[in-house]
**Q** 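First the structure, then my questions, so here it is.
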Amino acid sequence: VQLQASGGGLVQAGGSLRLSCAASGPFFSNDHIGWFRQAPGQEREFVAVINWRAGKTNYADSVKGRFTISRDVVKDTVLLQMNGLKSEDTAVYCCATRRSQRATPFSSFAYDYNEWGQGTQVTVSS
């Protein structure tokens with residue numbers, strides 16, 4: 001499946017954005033869909049992940065309480081609602097899938113994810 005992230009842009013600190021990750025094909029029950037971000041000169045960082053079947057979620061501590069990941073099972077889309085944005089949230093955000101034939105625990109490691117989409121730039125001005 002091919003993934004395409006969209007919804008990025010320029011926003012003032014304290015503002016909100018909603019990112020969307022659209023798939024070219026269906027997600028499957030045991031898939032995990034994650035969001036990662038990478039700021040210039042920094043390592044790729046885990047943001048959030050959702051289990052496709054049950055909708056269970058997990059977040060990085062840095063975004064917990066501000067970001068919400070959700071899924072639209074009709075549109076095969078994963079959303080990332082970002083509220084209370086801070087300048088340190090500025091990065092390129094990418095979505096990725098971790099595909100498995102069986103249920104697996106959540107992972108925050110990029111190497112566990114099989115397919116990656118193009119990123120979308122989020123810039124937060126202070």
Side-chain angles (χ1 to χ4, degrees):
V1 65
Q2 292 184 330
L3 304 175
Q4 180 64 52
S6 62
L10 173 64
V11 64
Q12 290 187 331
S16 299
L17 282 174
R18 188 175 74 168
L19 304 185
S20 177
C21 177
S24 60
F27 290 120
F28 299 108
S29 294
N30 292 319
D31 286 354
H32 293 174
I33 300 88
W35 283 97
F36 290 78
R37 65 186 182 186
Q38 188 167 20
Q42 297 188 21
E43 296 290 322
R44 184 177 292 174
E45 177 189 18
F46 166 76
V47 176
V49 61
I50 189 167
N51 164 266
W52 187 251
R53 177 176 57 187
K56 293 183 178 181
T57 60
N58 193 38
Y59 297 91
D61 287 343
S62 59
V63 306
K64 202 171 291 184
R66 300 187 297 124
F67 291 12
T68 302
I69 188 171
S70 62
R71 74 205 194 290
D72 185 327
V73 298
V74 175
K75 297 181 179 179
D76 280 318
T77 301
V78 172
L79 304 172
L80 185 68
Q81 179 66 42
M82 306 186 296
N83 298 329
L85 283 162
K86 306 175 182 179
S87 58
E88 51 262 44
D89 294 318
T90 294
V92 174
Y93 285 69
C94 294
C95 56
T97 58
R98 183 186 184 195
R99 309 215 117 173
S100 176
Q101 297 295 324
R102 55 184 173 81
T104 54
F106 283 137
S107 171
S108 60
F109 297 104
Y111 57 70
D112 279 331
Y113 290 76
N114 316 108
E115 296 157 338
W116 291 79
Q118 297 288 337
T120 185
Q121 176 71 47
V122 172
T123 303
V124 184
S125 62
S126 56

**Q** Determine whether Leu80 and Val49 fall in the same hydrophobic cluster, where Ile, Leu, Val, Met, Phe, Trp and Tyr are linked whenever their side-chain heavy atoms lie under 4.5 Å apart.
**A** no

**Q** Hey, do the aromatic rings of Phe36 and Trp116 have their centres closer than 6.0 Å?
**A** yes

**Q** Under the ring-ring contact (aromatic ring centres under 6.0 Å, His included) rule, collect the residues that match up with Tyr93, sequence neighbours excluded.
**A** none

**Q** Any donor-acceptor pair under 3.5 Å linking the side chain of Tyr113 with the backbone of Ser107?
**A** yes

**Q** Where do Pro26 and Arg99 come nearest, in terms of heavy atoms and distance?
**A** O-NH2, 3.0 Å

**Q** For Glu88, enumerate each residue passing the salt bridge (Lys or Arg N to Asp or Glu O under 4.0 Å) test, keeping only those at least two apart in sequence or located in another chain.
**A** none

**Q** Please name the pair of heavy atoms, one in Arg71 and one in Ala54, separated by the smallest distance, quoted to 0.1 Å.
**A** NH2-C, 3.9 Å

**Q** For the side chain of Asn83 and the backbone of Ser16, is there at least one donor-acceptor N/O pair under 3.5 Å apart?
**A** no

**Q** Name all residues meeting the ring-ring contact (aromatic ring centres under 6.0 Å, His included) criterion together with Phe27; count only those two or more places apart in sequence or in a different chain, and write none if there are none.
**A** Trp52

**Q** If you look at every heavy atom in Ala60 and Phe46, which pair is closest and at what distance?
**A** CB-O, 3.4 Å

**Q** Report the distance from atom CD of Gln38 to atom CD of Glu45, rounding to the nearest 0.5 Å.
**A** 10.0 Å

**Q** Rounded to the nearest 0.5 Å, how far does OG of Ser126 lie from CG of Leu85?
**A** 12.5 Å

**Q** Please report the interatomic distance CZ(Arg102) to OG(Ser29), rounded to the nearest 0.5 Å.
**A** 15.0 Å

**Q** Let me see the working for Phe106 and Thr57 under side-chain contact (heavy atoms from CB on, under 4.5 Å), right down to the final yes or no.
**A** CA-CA 9 Å; Phe106 283 137; Thr57 60; 5.6 Å; no

**Q** Can you tell me how far the SG atom of Cys95 sits from the CD1 atom of Ile69, to the nearest 0.5 Å?
**A** 9.0 Å

**Q** Transitively linked via ILVMFWY side-chain contacts under 4.5 Å: Val63 with Leu79?
**A** no

**Q** Taking it one step at a time, do Lys75 and Ser20 satisfy side-chain contact (heavy atoms from CB on, under 4.5 Å)?
**A** CA-CA 11 Å; Lys75 297 181 179 179; Ser20 177; over 6 Å; no

**Q** Does Lys86 come within less than 4.0 Å of Asp89, counting only side-chain N to carboxylate O?
**A** no

**Q** What is the distance from atom CZ of Arg37 to atom SG of Cys94, rounded to the nearest 0.5 Å?
**A** 12.5 Å

**Q** Take atom CD in Gln81; do more than 12 heavy atoms of anything else shown fall under 6.0 Å from it?
**A** yes

**Q** So, does Thr123 use its side chain to make a donor-acceptor pair with the main chain of Thr90 at under 3.5 Å?
**A** no

**Q** Does Arg66 reach the main-chain N or O of Gly84 with its side chain, forming a donor-acceptor pair under 3.5 Å?
**A** yes

**Q** Which atoms form the tightest heavy-atom contact between Ala103 and Arg53, and what is the distance?
**A** CB-NH2, 4.3 Å

**Q** Roughly how far, to the nearest 0.5 Å, is the CE atom of Met82 from the CG atom of Leu19?
**A** 3.5 Å

**Q** Transitively linked via ILVMFWY side-chain contacts under 4.5 Å: Phe67 with Val11?
**A** yes

**Q** Between Val122 and Gly8, what is the shortest heavy-atom contact and its length?
**A** CG2-CA, 4.1 Å

**Q** Can you establish whether the number of heavy atoms outside Gln2 located under 6.0 Å from its atom CD is more than 12?
**A** no

**Q** Is it the case that one hydrophobic cluster holds both Phe28 and Val74, taking links as side-chain heavy atoms less than 4.5 Å apart, direct or via other members?
**A** no

**Q** Can Val73 be reached from Ile33 by stepping across I, L, V, M, F, W or Y side chains whose heavy atoms are under 4.5 Å apart?
**A** yes

**Q** With a 4.5 Å limit on heavy-atom distance, are the side chains of Asn30 and Thr104 in contact?
**A** no

